[in-house]
Structures are given as C-alpha cells and as structure tokens.
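Here the structure comes first, spelled out in structure tokens, and everything after it is commentary.
Whatever order the structure lists ligands and atoms in, that order sets their numbers, starting from 1.
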Amino acid sequence: MIYLDNNATTQLDPEVAEVIRQVWASGPLNASSQHASGRAARARLDRAAAEMGRLLGADVQQPGGPQLIFTSGGTEANNLALHGVGDPAAPLIVSEIEHPSVLEVARRQGQQGRPLHWIPVSSQGVADLAALEDLLAQCRDAAPLVCLMSANNETGVLQPVAEAASICRRFGAHLHVDATQSVGRLPVDFTALGAGSLTFAAHKFHGPVGVGGLLLAPGVNLTAQWQGGAQQLGMRPGTEAVALIVGAAAALSRACQDQQANADHCRRLRDRLEARLAQTVEGLVIHGRQVPRLPGTTCAAFPHVDRQSMLMRLDMASIACSSGSACASGSSEPSYVLEAMGVPETQIDGSLRMGVSKFSTETEIDRASELISLCYQRLRESEDVENQGF
Ligand code: PLP
C-alpha cells in the first residue's frame with residue numbers, strides 16, 4: 001500500500017514503539033501510587049511533560065507558569081477548551097474551517113444560547129482577520145473565546161495564528177489554537193505565540209494514537225468536565241497513560257530534532273506529486289496553492305469525477321488517501337472547508353486530500369502519481385460511457 005493519508009494519522013515510528021514497549025514492560029504504572037513503582041511512574045510522567053513543554057515553548061515546571069493537561073487526543077483537548085475555558089456564556093468566535101471537534105461543539109453551544117460568530121475565510125482558505133477584529137469590537141468587554149486552528153486538516157493551509165493572538169490580546173479575548181496538524185511538522189512556540197490554549201495529538205507526528213494535550217497559558221483557569229480523581233490537578237481526572245505519554249514525548253523529540261529535514265523532504269515529495277498530476281490531469285486544481293501550506297499536504301480537485309468513486313478506485317489500486325477529514329471520510333458529505341472557501345460545487349465533488357510523511361519515498365510518489373492518473377482516466381472513460389447511455 002502507498003500511504004497518503006498522513007493528515008488523518010501517521011505511522012508509529014518504530015523507535016517510539018520500542019520506547020512504549022519498554023515502558024509497558026517495566027511493570028505497573030500508576031503515577032498516583034505512593035510506593036516506589038508509582039513514584040517511578042510519576043517521575044517518568046513529569047519528565048515527559050517537561051520535555052514536551054520545552055519542545056513547545058512552555059516551561060510547565062515553572063510555578064504559576066503554563067500548564068500541560070494530557071488528554072486522549074485532539075478531539076478531547078478541543079472539547080475541554082471549548083467547555084472548560086473562561087465563562088461558558090461568553091461569546092464564541094470560531095473560524096468556519098475548524099475541525100469538527102471544535103465546530104460541532106460550537107454549534108451545539110450556539111443552539112443552547114451561547115452567542116456564536118463565524119470568522120470567514122478567503123478563496124485560498126485563510127481566515128479573515130479584519131472580520132475577526134470587527135467581531136471582537138462588537139463583543140467588547142465580554143471576554144470572548146476565539147478558535148482558530150494553526151493549519152487546516154483538509155487543505156493544509158496555514159492560518160495567521162500569531163496575528164490573531166495579538167489581536168485577541170488587544171481585545172482581552174482568549175485565543176484557542178487547534179495545532180493538531182502543525183505540532184511536530186512545523187516549529188511551535190506557545191509562549192512566543194501568546195495564545196491562551198493550544199491542542200495537539202501525538203498520532204499526527206508518528207507517536208501513538210490515544211494521547212494528546214492541551215497547553216494553557218499562565219493564569220488560564222480550566223473547569224474540569226469530569227469528576228472523580230485528583231490527577232492533573234483534578235482538571236482531567238483519571239489514571240494517566242504513562243507509556244503513551246512517554247511515547248508522545250519521544251515522538252515529539254524526534255519530530256523536532258529532524259523537523260527541517262522532514263519538512264524539506266515532505267515538501268519536495270508533495271511538490272513532485274502535484275507537478276506530475278498536473279501534467280496528466282487536465283484542469284487539476286490545487287486548493288490553497290497560492291498561500292503557505294503544511295509541507296506534505298495537498299488537496300486537489302480532479303475535474304468531472306466523483307471523489308467517492310475515485311477513492312474506491314484508488315483503494316483497489318492500494319493507494320490510501322481521503323476526501324477530507326477522517327471523520328468525514330466514508331460519508332458523501334461535501335467538504336465544508338472547501339464550501340467556506342467558495343470552491344465551486346463541481347470542484348468540491350472531485351476533491352481529494354493526499355499527505356506524505358517522513359517515511360514516504362520518491363519511488364512511492366512516482367508510482368502513486370501514475371496510478372492516480374490512471375484511475376482518473378479510467379473513471380473519466382467509464383463516466384463518459386455511462387453519460388452516453390451505453
Ligand atoms: N483537530 C484537527 C485539526 C485534526 O486534524 C484532528 C484529527 O484529524 C483533530 C483535531 C482530532 O484529533 P484526534 O483524532 O486525536 O482526536
């Protein structure tokens with residue numbers, strides 16, 4: 001199989017798998033227990049938290065400094081932020097292209113009476129900061145919660161989060177950044193960014209599925225959504241998954257160490273894939289091509305074909321990619337991200353997302369571009385035949 005679905009999840013790095021195996025093999029691991037084994041688990045957990053904080057520009061050991069709350073992944077961290085940060089009745093200002101773990105919570109809170117406003121995006125998929133400023137001016141004195149992701153999971157388009165953070169600070173608003181797609185892939189410095197909170201998930205940077213985190217700026221209070229344990233200062237109770245957290249720290253450390261080289265590799269392969277497809281697929285459109293994107297991600301519209309039919313053919317040809325966010329794949333819902341960008345329906349119908357990783361090779365990309373072009377030509381031919389009523 002040629003795996004091009006790295007925005008949904010990435011392959012676990014074998015070295016990280018070995019770290020996790022060793023932690024699991026080392027014995028019982030309850031970091032709240034007072035005996036020696038519990039204290040050893042606590043020490044491992046604290047070291048992993050400090051290391052991840054350091055790599056993300058947050059000194060989580062400093063008293064009164066930023067805090068890192070471990071969660072089961074990006075979805076939980078986003079839910080925790082939207083439900084737990086600030087006044088639950090304060091206005092919400094959310095970009096139209098957020099991941100469903102932000103969008104659906106916001107919609108539900110809006111239905112329950114929380115004031116909800118949307119930040120539109122440009123045709124290239126970049127959030128409109130002038131609109132954000134206008135919305136903040138309307139909500140003055142209400143300490144709103146603003147949600148803007150660092151990079152979109154369908155198009156890979158990078159969002160102006162640093163500028164948004166400075167605007168939010170000016171208006172006394174809390175900025176929550178869903179950085180699930182960029183942590184590990186691009187440098188992230190939480191303190192320099194100046195956001196109020198930030199989400200990440202280890203499985204996007206070759207770490208294990210099932211662990212992520214929410215970084216909180218100094219002084220940000222989080223209301224726990226669950227009760228029944230004192231772990232993580234009661235803010236997210238439950239026995240911590242020590243082995244997964246240690247694995248996440250190892251994965252982040254590896255990702256940051258080789259970040260530039262990995263990004264260059266991914267960008268080169270992504271550009272190669274796009275160039276080859278553009279040669280063989282007439283009228284191919286790359287969404288967000290004119291603005292900065294994640295190094296390995298491409299979202300392309302194949303003219304006059306249906307994305308689900310393309311995906312099925314590609315799957316049979318052993319190519320794994322997707323039609324958008326993992327939650328939306330398998331369904332035939334059109335992409336709300338492309339809709340928000342004003343992409344014509346005919347292009348949305350044939351849009352696919354492909355993403356490479358540090359494990360992708362040039363040989364794979366060359367083979368994938370041949371197979372994708374072939375699947376596209378065959379599908380066009382079969383659809384032409386159907387349309388002619390044969
Ligand atoms: N946010 C973004 C931008 C994502 O891409 C994803 C996963 O696709 C999530 C949140 C959810 O993360 P998880 O799958 O770890 O719950």
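- The side chain of Thr180, and not its backbone, has at least one atom closer than 4.0 Å to an atom of ligand 1 (non-hydrogen atoms only; side chain from C-beta on).
- Judged by distance alone, the side chains of Thr223 and His83 never bring a donor and an acceptor atom under 3.5 Å apart.
- Residues Asn78 and Thr199 have side chains that bring a donor and an acceptor to within less than 3.5 angstrom of each other.
- The shortest N or O to N or O distance between Gln181 and ligand 1 is below 3.5 Å.
- Atoms of ligand 1 lying under 4.0 Å from any heavy atom of Asn78, numbered from 1 in the order shown and given with element: 1 (N), 10 (C).
- Counted by atom type alone, Ser166 and Glu163 present zero donor-acceptor pairs between their side chains at under 3.5 Å.
- Between Arg307 and Asp349 there is a side-chain heavy-atom pair separated by less than 4.5 Å.
- In this structure, Glu98 has no heavy atom closer than 4.0 Å to ligand 1.
- Contact atoms of ligand 1 toward Ala201: 15 (O) (distance under 4.0 Å to a heavy atom of the residue).
- Looking only at atom types and distance, the side chain of Ser197 has a donor-acceptor partner in the side chain of His174 under 3.5 Å away.
- Close approach of ligand 1 to Thr75 is summarised as follows: ligand atoms under 4.0 Å from at least one heavy atom of the residue are 11 (C), 12 (O), 13 (P), 16 (O).
- Within ligand 1, counting atoms from 1 as listed, the ones closer than 4.0 Å to a heavy atom of Asn153 are 3 (C), 5 (O).
- The Gly73 neighbourhood of ligand 1 comprises atoms 15 (O), with distances under 4.0 Å to a heavy atom of that residue.
- Under 3.5 Å, the side chains of Thr298 and Glu274 contain a donor-acceptor pair of N or O atoms.
- The existence of a salt bridge linking Glu362 and Arg367 is excluded, since no basic side-chain nitrogen approaches an acidic carboxylate oxygen closer than 4.0 Å.
- Between the choices Thr71, Asp178, Ile97, the shortest heavy-atom distance to atom 3 (C) of ligand 1 belongs to Asp178.
- The heavy atom nearest to atom 13 (P) of ligand 1, out of those in Gly212, Gly74, Ala179, is found in Gly74.
- Heavy-atom contacts of Ser101 reach the following atoms of ligand 1: 10 (C) (cutoff under 4.0 Å).
- Residues Arg107 and Gln111 have side chains that never bring a donor and an acceptor to within less than 3.5 angstrom of each other.
- Distances below 4.0 Å separate heavy atoms of His203 from the following atoms of ligand 1: 13 (P), 14 (O), 15 (O).
- Checked by atom type, the side-chain pair Gln377/Glu381 shows no donor-acceptor distance below 3.5 Å.
- At a 4.0 Å heavy-atom cut-off, ligand 1 does not touch Val102 at all.
- When Glu76, Met149, His99 are checked for heavy-atom proximity to atom 6 (C) of ligand 1, His99 turns out nearest.
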